[in-house]
2 protein chains.
Amino acid sequence: MSTKPKSPARPPSSAVEDYLERILGLINTKGYARVVDIAQSLDISQASVTNMVQRLDAEGLLNYEKYRGLVLTPAGEALAKNITHRHELLTDFLKLLGLDDAVIYHDVEGMEHHISPPTLRAIEALTAHLTRQPSLLARVREQLDAN
Amino acid sequence: MSTKPKSPARPPSSAVEDYLERILGLINTKGYARVVDIAQSLDISQASVTNMVQRLDAEGLLNYEKYRGLVLTPAGEALAKNITHRHELLTDFLKLLGLDDAVIYHDVEGMEHHISPPTLRAIEALTAHLTRQPSLLARVREQLDAN
DNA sequence: AATCTAATTTAGGCTTACCTAACTTTATTG
DNA sequence: CAATAAAGTTAGGTAAGCCTAAATTAGATT
Ligand SMILES: [Mn+2]
Ligand SMILES: [Mn+2]
Ligand SMILES: [Mn+2]
Ligand SMILES: [Mn+2]
């Protein structure tokens, strides 16, 4: 059987992607993701996190037991890994250009939600090739530092 | 005297940037931007456009005369030119990678709102240098076409 | 000038995604 | 094991951005 389409199945919102990305990150580093952890990590109130977690449960992206905890479903984990991949690839690309880490983080956190698969693949390929062209990168950074 | 800060002066939302960008575009191509033009062009209802236009007037980004028309203020025009610049630069960059026009348009329309000045300058410099490296670009596109 | 039509505005609603304050449940600890 | 503290939930709100339907205004047509 195929996965059941809850509705027309809109693409996940930026907020949903950010929650899933962070939940996966917390699970990978702490072993679990409690409401209070997610709230601190995203700088959002616990009440808002509870609300979103219940919604993600209803949408089949995670299993949530009230007052207990949560685990990502296969669908939720797939989305989480996907957004994480976009985040990492964009970060790698911008690092090549010698940008400040804080700037990179801020911009990536927004842009990651608007990159389609073809664009992602293109930037991935470009990043790989640029890594083998330190001379070109050096010239780019040189021009940037000159202002 | 300086321009008056209406409030803490948050950065313009993506919606505000999209409206301003489109209004400037319509003025540049048709000479004017009526509510009905903006609505058609953004595929948003006329009622929503009226609402936003009144808000942009209140925020000092354009001057609106009810039932008549609108003109961008210097502040609104500056913002409009700025977002337009981000749009064009990102488009130029992605065009280098040989992506489909529709994909480029879609992704740029989202990403343009999340690019800080340093990142924009870096991509600008990279685009300039890549333009002089057709061989590298050819290799990148080659790898992309191979899947 | 009265009428018809296109453009615009207003009124009333909806959804997403956040908030604070108050309450409940679970975990810790003396 | 009762009391306190921490975590989580619920209730009630807000603001941005959108919508449709029902006025209203302006411009064009007879
Ligand atoms: Mn993000
Ligand atoms: Mn991210
Ligand atoms: Mn846009
Ligand atoms: Mn744009």
Side-chain angles (χ1 to χ4, degrees), chain A residues 6-23 26-27 30-71 76 79 83 109-110 112-114, chain B residues 6-23 26-27 30-71 76 79 83 109-110 112-114:
Chain A
K6 318 296 173 188
S7 310
R10 285 156 300 181
S13 68
S14 297
V16 165
E17 290 190 330
D18 283 338
Y19 273 94
L20 290 174
E21 183 185 14
R22 195 56 55 96
I23 288 168
L26 285 167
I27 290 176
K30 306 187 57 166
Y32 53 87
R34 292 173 308 170
V35 166
V36 67
D37 299 321
I38 302 166
Q40 271 182 24
S41 183
L42 289 177
D43 195 24
I44 282 171
S45 76
Q46 290 183 197
S48 297
V49 172
T50 293
N51 206 273
M52 178 62 88
V53 159
Q54 289 174 347
R55 171 181 151 193
L56 295 177
D57 177 294
E59 290 177 5
L61 298 175
L62 52 80
N63 291 323
Y64 184 52
E65 273 191 90
K66 242 185 195 182
Y67 295 105
R68 291 305 178 168
L70 58 89
V71 289
L79 281 180
I83 179 66
E109 207 43 64
E112 62 185 1
H113 309 289
H114 305 278
Chain B
K6 319 296 175 189
S7 309
R10 285 156 299 181
S13 69
S14 297
V16 165
E17 290 190 329
D18 283 339
Y19 274 93
L20 291 175
E21 183 186 14
R22 195 55 56 96
I23 287 168
L26 285 167
I27 288 176
K30 306 188 56 167
Y32 54 86
R34 292 173 309 171
V35 166
V36 68
D37 300 320
I38 302 167
Q40 271 183 23
S41 183
L42 289 176
D43 194 26
I44 282 172
S45 76
Q46 291 183 197
S48 296
V49 172
T50 293
N51 206 273
M52 177 62 88
V53 159
Q54 288 174 348
R55 170 181 151 194
L56 296 177
D57 177 294
E59 289 177 7
L61 298 175
L62 52 79
N63 291 323
Y64 185 54
E65 273 191 90
K66 243 186 193 177
Y67 293 106
R68 294 306 181 165
L70 58 88
V71 289
L79 281 181
I83 179 66
E109 208 44 63
E112 62 184 2
H113 309 289
H114 305 279

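Proteins get letters first, then strands, A, B, ... in listed order; numbering begins at 1 in each.
- Atom CG of N51(B) and atom P of dG13(C) are 16 Å apart (whole Å).
- Near DNA chain C, meaning a heavy atom under 4.0 Å away, the residues from residues 36-50 of chain A are D43(A), I44(A), S45(A), A47(A), S48(A).
- Near DNA chain D, meaning a heavy atom under 4.0 Å away, there are no residues from residues 11-20 of chain A.
- Atom-to-atom, CD of E59(B) to C1' of dA16(D) comes out at 11 Å; the value is rounded to the nearest Å.
- Between L20(B) and E17(B) there is no side-chain heavy-atom pair separated by less than 4.5 Å.
- Atom C1' of nucleotide dT8(C) and atom CG of L70(B) are separated by 13 Å, given to the nearest angstrom.
- Interatomic distance, I23(B) CD1 to L56(B) CG, rounded to the nearest 0.5 Å: 6.0 Å.
- The side chain of R34(A) sits closest to dG8(D) out of dC18(C), dT9(C), dG8(D).
- Between H113(A) atom NE2 and dA17(C) atom P the separation is 11 Å, expressed in whole Å.
- One distance of note links CD of E21(B) with OH of Y19(B); it measures 13.5 Å at 0.5 Å rounding.
- With values rounded to the nearest 0.5 angstrom, E109(A) atom CD is found 9.5 Å from S14(A) atom OG.
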Checking side chain to side chain contact (heavy atoms under 4.5 Å, CB included) for the pair L70(A)/D57(A): CA distance, chi angles, key distance, verdict? CA-CA 9 Å; L70(A) 58 89; D57(A) 177 294; over 6 Å; no

Show the atom names and distances, to 0.1 Å, of all donor-acceptor pairs under 3.5 Å that link a side chain in residues 38-50 of chain A to residues at least two apart or in another chain.
| from | atom 1 | to | atom 2 | distance (Å) |
| --- | --- | --- | --- | --- |
| S41(A) | OG | R22(A) | NH1 | 2.7 |
| S45(A) | OG | S48(A) | N | 3.1 |
| S45(A) | OG | S48(A) | OG | 3.0 |
| T50(A) | OG1 | Q46(A) | O | 3.2 |

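- Shortest non-hydrogen contact noted between H114(A) and G110(B) is ND1-CA, 3.5 Å.
- Atom pair L56(B):CG and dT9(C):P shows a separation of 13 Å (rounding to whole Å applied).
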For nucleotides 23-28 of chain C, which of its nitrogen or oxygen atoms have a protein nitrogen or oxygen under 3.5 Å away, and what is each distance?
| from | atom 1 | to | atom 2 | distance (Å) |
| --- | --- | --- | --- | --- |
| dA27(C) | OP1 | R68(A) | NH1 | 3.0 |

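- Between Q54(A) and dG8(D) there is no side-chain polar atom (N or O) within less than 4.0 angstrom of OP1 or OP2.
- Under the ring-ring contact (aromatic ring centres under 6.0 Å, His included) criterion, H113(A) pairs with no residue at all, not counting sequence neighbours.
- Note that the OH atom of Y32(B) and the CG atom of L26(B) stand 9.5 Å from one another [nearest 0.5 Å].
- Remark: Q54(A) engages no residue in a side-chain hydrogen bond (donor to acceptor under 3.5 Å, both in side chains) (not counting sequence neighbours).
- Distances from the side chain of Y64(B) to the nucleotides dT16(C), dA17(C), dT9(C) place dT9(C) closest.
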